[in-house]
Asker: 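The structure that follows is given in the form of structure tokens.
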Amino acid sequence: MYWNNYITGCFFFLSVCMLPAAKVYSQDKDIPQSFYSASGIPDSLKEDANSIIRYSYDEIRIKGPGKALIKHHSLVTILNEKGDKDAVIVYGYNKKYDTYSYIDVHVYDESGKMIKKYHKSDMYDGAASSDETLVSDERFLGLKHTVSRYPETIEVSYEEDLNSYIDLPDWYIQEKLEQSVQEEHYKIWCESNGGLRYKCKNISLSPVKTSDGSYDVYTWQVKNLKAIKKEDQSEPWTVLPNVVFATSLFNCYGYPGDFNSWQSFGKWIQGLNNDMCTLSAPRIADIKKMTDTIKTDREKVKFLYKYMQQNMRYVGIQLGIGGYKPFPATFVDDKKYGDCKALSNYMRALLKAADIPSYYALIRAGANQEPADLNFPYNSFSHAILCVPLKRDTIWLECTSNTQPFGELGSFTENRNALLITEDGGKLVNTPRSTPQENKFNSEVHIELQPDGSAKAHVKVLSTGGYRDMFIGMTSEKMDEQKEFLLRYFNMKQPGSFDFKTSPDKAEINELSMDLEYDKFCDVLAGDKQFYRPRVFDLWALTVPVLEKRRTDFYFDHPMQKSCVTTIELPTGFEVETLPVNTALRFTYGNYELNYTYNKEKNQVISTAKFVLNNQVIPAAKYTEMQQYMDAIAKAQNKKLVIKKKA
């Protein structure tokens, strides 16, 4: 959703570490020359591939908690313009805790001849922050090479001295879809008592373990992985192979911690948050006075949440440990701004002043993001929210948005694990999942047909949940861009005249109104007959291609319930000749209905359409059923209304 964009700055240091480009890497001088030439690529690795990792050697020497020396050497061959992202080199770093002794980039043509060289000094050094981040220690080194002729091979080598981390960098074996792998090696040196842990995702790999003095040495190797073809509305994390690593002890910006368990990591976060959650005595008295006449705790929580939304705004400041540690509640109360951590902590302080306990919570944000693993403590979180456990209910609060309805998380953080920071440390719990009834799109359309085939139409849409977020977010764009978005989203026939307006929420329901005029709304004029698609827009416009076999699950942002009642006023002197047939369709995860009636007395055609999707994740095994169901919906929506002049 639009408002989610400004979350980018929150926990920014995490997003840098999670970039595939932040993958860690080492110089190996024994690379076969065949890896430099495109002629050495096996045909099997070209299938469905836009780029090929020809060779990669990565080496991490863990020198102690939070300290590691990282080396990397890789060769990637770009086959076509869809693989051009591999010619963009970006590495994030912290200017106080992270240094690159060198970065070298060499470019080779199809035959393996070097045609270009770049060095660290050629790279752009910029602040790694969003528009809403006021100041940050996080930076990036970036380089964009323009491919002159395909295929080209990009060789990258660097050495990085890392002096702060919670988790070791991930090994992204295949960094993206439609990328194959010829050969990769990954090696980690860790003290025997360092407590190295690893987890393989979407691949089965076991390291060769040896000893080197006081170090245990772990070596992994993969060869000849075919490209994974991109499928519409899939989540790459469900299929791309990678390995994540963690050690028992860490040190982040000078703050040592223990990551043997979720509980111990939660205690570290709790230690950072100590003394951050108290308001001044006069402000506590103000809060008590504001809420002492409110009868229930739930209503008090709602009142204080609205107070925070109306008086505070998002601004990101991540300096050092500030990427994890919130500003004091007194700072936010005075300055009227903060990031996701600071605003969640501030909301907790407001509730504390009203004698209502709550828990700060860490979560991985974004629609359909990979959930945290109960059995593998590892920091993949990128956002902070708040959990309020009441006697009869648990309320979750998104504290960064000033438009989010009370007690609703939305697709950004719903239906996944969050780490509650309790008195006893961290505890993984599930956030709630929204229902179709909480993501409604209810529309009414009135169409006045004219004898010459032109028409006027009025559309009203009432929306909640994800649809409400979408339409509210749209209003931050320029007016022309809003019109363009609406025409594209509704997939409407281009009108001659188009006006729209959005109205303030009523009971957290968004209202959108559109007025349209068409010089030609009729599809076909044939003598005394007129043929129409009897609607301004299709309630459900998505169709998906026929596939022999779907590999991945199909993801929507959320469950949903959509409806549309369309009233068509026929021109004077016309009547219905053919009314489209009614339709009722079912599939495992939803249903669709479309019914038509003709009121001869009023000379009106009324259609009622309803679409329900009960689950936003469609298993790959049900893809064909869904594809046939959506094709049937499209066929039903294409049926023509035929009217004719009265005799």
Side-chain angles (χ1 to χ4, degrees), residues 12-31 35-36 51-63 66-78 83-109 112-129 136-148 152-165 167-176 179 181 183-189 245:
F12 179 79
F13 62 96
L14 281 176
S15 64
V16 169
C17 291
M18 290 190 290
L19 284 171
K23 170 181 172 182
V24 293
Y25 307 105
S26 155
Q27 182 88 8
D28 178 4
K29 305 212 181 273
D30 299 324
I31 300 178
F35 285 144
Y36 288 86
S51 65
I52 302 170
I53 299 176
R54 308 294 303 282
Y55 181 87
S56 181
Y57 181 90
D58 301 270
E59 183 180 297
I60 302 177
R61 290 181 180 266
I62 301 171
K63 300 184 290 184
K67 295 181 181 295
L69 182 66
I70 298 167
K71 298 181 180 181
H72 166 69
H73 191 186
S74 66
L75 289 162
V76 178
T77 298
I78 300 170
D84 278 356
K85 287 184 179 180
D86 285 297
V88 180
I89 314 297
V90 180
Y91 298 119
Y93 73 99
N94 183 286
K95 58 187 178 183
K96 293 183 179 179
Y97 293 93
D98 190 4
T99 58
Y100 290 88
S101 58
Y102 69 88
I103 300 175
D104 290 329
V105 180
H106 297 168
V107 183
Y108 302 86
D109 66 11
K113 178 184 176 182
M114 186 187 297
I115 56 175
K116 189 76 174 177
K117 285 184 180 181
Y118 302 97
H119 303 287
K120 179 184 173 183
S121 58
D122 298 314
M123 302 181 78
Y124 176 77
D125 189 344
S129 59
S136 171
D137 282 335
E138 304 305 320
R139 301 189 65 79
F140 73 93
L141 292 166
L143 171 70
K144 183 178 181 181
H145 167 73
T146 301
V147 178
S148 58
E152 279 189 2
T153 297
I154 311 291
E155 180 180 33
V156 177
S157 60
Y158 67 73
E159 182 172 297
E160 178 184 12
D161 195 2
L162 191 61
N163 289 289
S164 173
Y165 68 78
D167 297 311
L168 295 169
D170 298 352
W171 177 22
Y172 297 94
I173 299 170
Q174 280 168 293
E175 296 179 353
K176 55 182 71 70
Q179 180 183 67
V181 173
E183 184 175 325
E184 291 193 30
H185 304 264
Y186 208 89
K187 184 177 286 191
I188 297 179
W189 276 260
F245 305 95

Asker: Answer yes or no: are there more than 12 heavy-atom neighbours, outside Lys63 itself, under 6.0 Å from its atom NZ?
Answerer: yes

Asker: Looking only at heavy atoms, which two atoms of Ala87 and Val147 are closest? And how far apart?
Answerer: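 Smallest interatomic distance, heavy atoms only, reads CB-CG2, 4.1 Å.
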
Asker: Are any non-hydrogen side-chain atoms of Tyr57 and Glu59 less than 4.5 angstrom apart?
Answerer: yes

Asker: Report yes if the side chains of Lys113 and Tyr36 come closer than 4.5 Å at any heavy-atom pair, otherwise no.
Answerer: no

Asker: Return the CD1 to NZ distance between Ile89 and Lys144, rounded to the nearest 0.5 Å.
Answerer: 12.5 Å

Asker: Shortest non-hydrogen contact from Glu152 to Val107?
Answerer: OE1-CG1, 3.5 Å

Asker: Can you tell which of Val76, Ile154, Val156, Thr153 makes a side-chain contact (heavy atoms from CB on, under 4.5 Å) with Asp86?
Answerer: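 Between Asp86 and the candidates, side-chain contact (heavy atoms from CB on, under 4.5 Å) is satisfied uniquely by Val76.
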
Asker: So do Glu160 and Tyr91 actually touch side chain to side chain, heavy atoms under 4.5 Å?
Answerer: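 They are not in side-chain contact.
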
Asker: For the CE atom of Met123 and the OH atom of Tyr118, what is their distance to the nearest 0.5 Å?
Answerer: 11.0 Å

Asker: Looking at side-chain heavy atoms only, is the closest gap between Leu143 and Ile103 below 4.5 Å?
Answerer: no

Asker: If only atom types and distance count, is the side chain of Gln174 paired as donor or acceptor with the main-chain N or O of Gln179 below 3.5 Å?
Answerer: yes

Asker: At what distance, to the nearest 0.5 angstrom, does CD1 of Ile70 lie from OG of Ser101?
Answerer: 11.0 Å

Asker: Which pairs with one or both residues in residues 114-123 pass salt bridge (charged side-chain N to carboxylate O under 4.0 Å, His left out), sequence neighbours excluded?
Answerer: none

Asker: Phe245 and Tyr165: aromatic ring centres closer than 6.0 Å?
Answerer: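 Between Phe245 and Tyr165, the centre distance exceeds or equals 6.0 Å.
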
Asker: Let me confirm one number: the CG-CE distance from Asp109 to Met114, rounded to the nearest 0.5 Å.
Answerer: 11.0 Å

Asker: Rounded to the nearest 0.5 Å, how far does CH2 of Trp171 lie from OH of Tyr186?
Answerer: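 Going from OH on Tyr186 over to CH2 on Trp171, the span is 8.0 Å.
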
Asker: Quick one: are His145 and Val105 in side-chain contact, heavy atoms under 4.5 Å?
Answerer: no

Asker: Using 0.5 Å steps for rounding, measure from the CZ atom of Arg61 to the CG atom of Leu69.
Answerer: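 Taking CZ in Arg61 and CG in Leu69, the distance rounds to 7.5 Å.
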
Asker: What class does the angle between the rings of Phe140 and Tyr124 fall in, given that below 30° is parallel, 30 to 60° is tilted and above 60° is perpendicular?
Answerer: tilted

Asker: I'd like to know if Arg139 and Asp98 make a salt bridge, using a cut-off of under 4.0 Å between side-chain N and carboxylate O.
Answerer: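 Judged by the 4.0 Å cut-off on N to carboxylate O distance, Arg139 and Asp98 do not form a salt bridge.
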
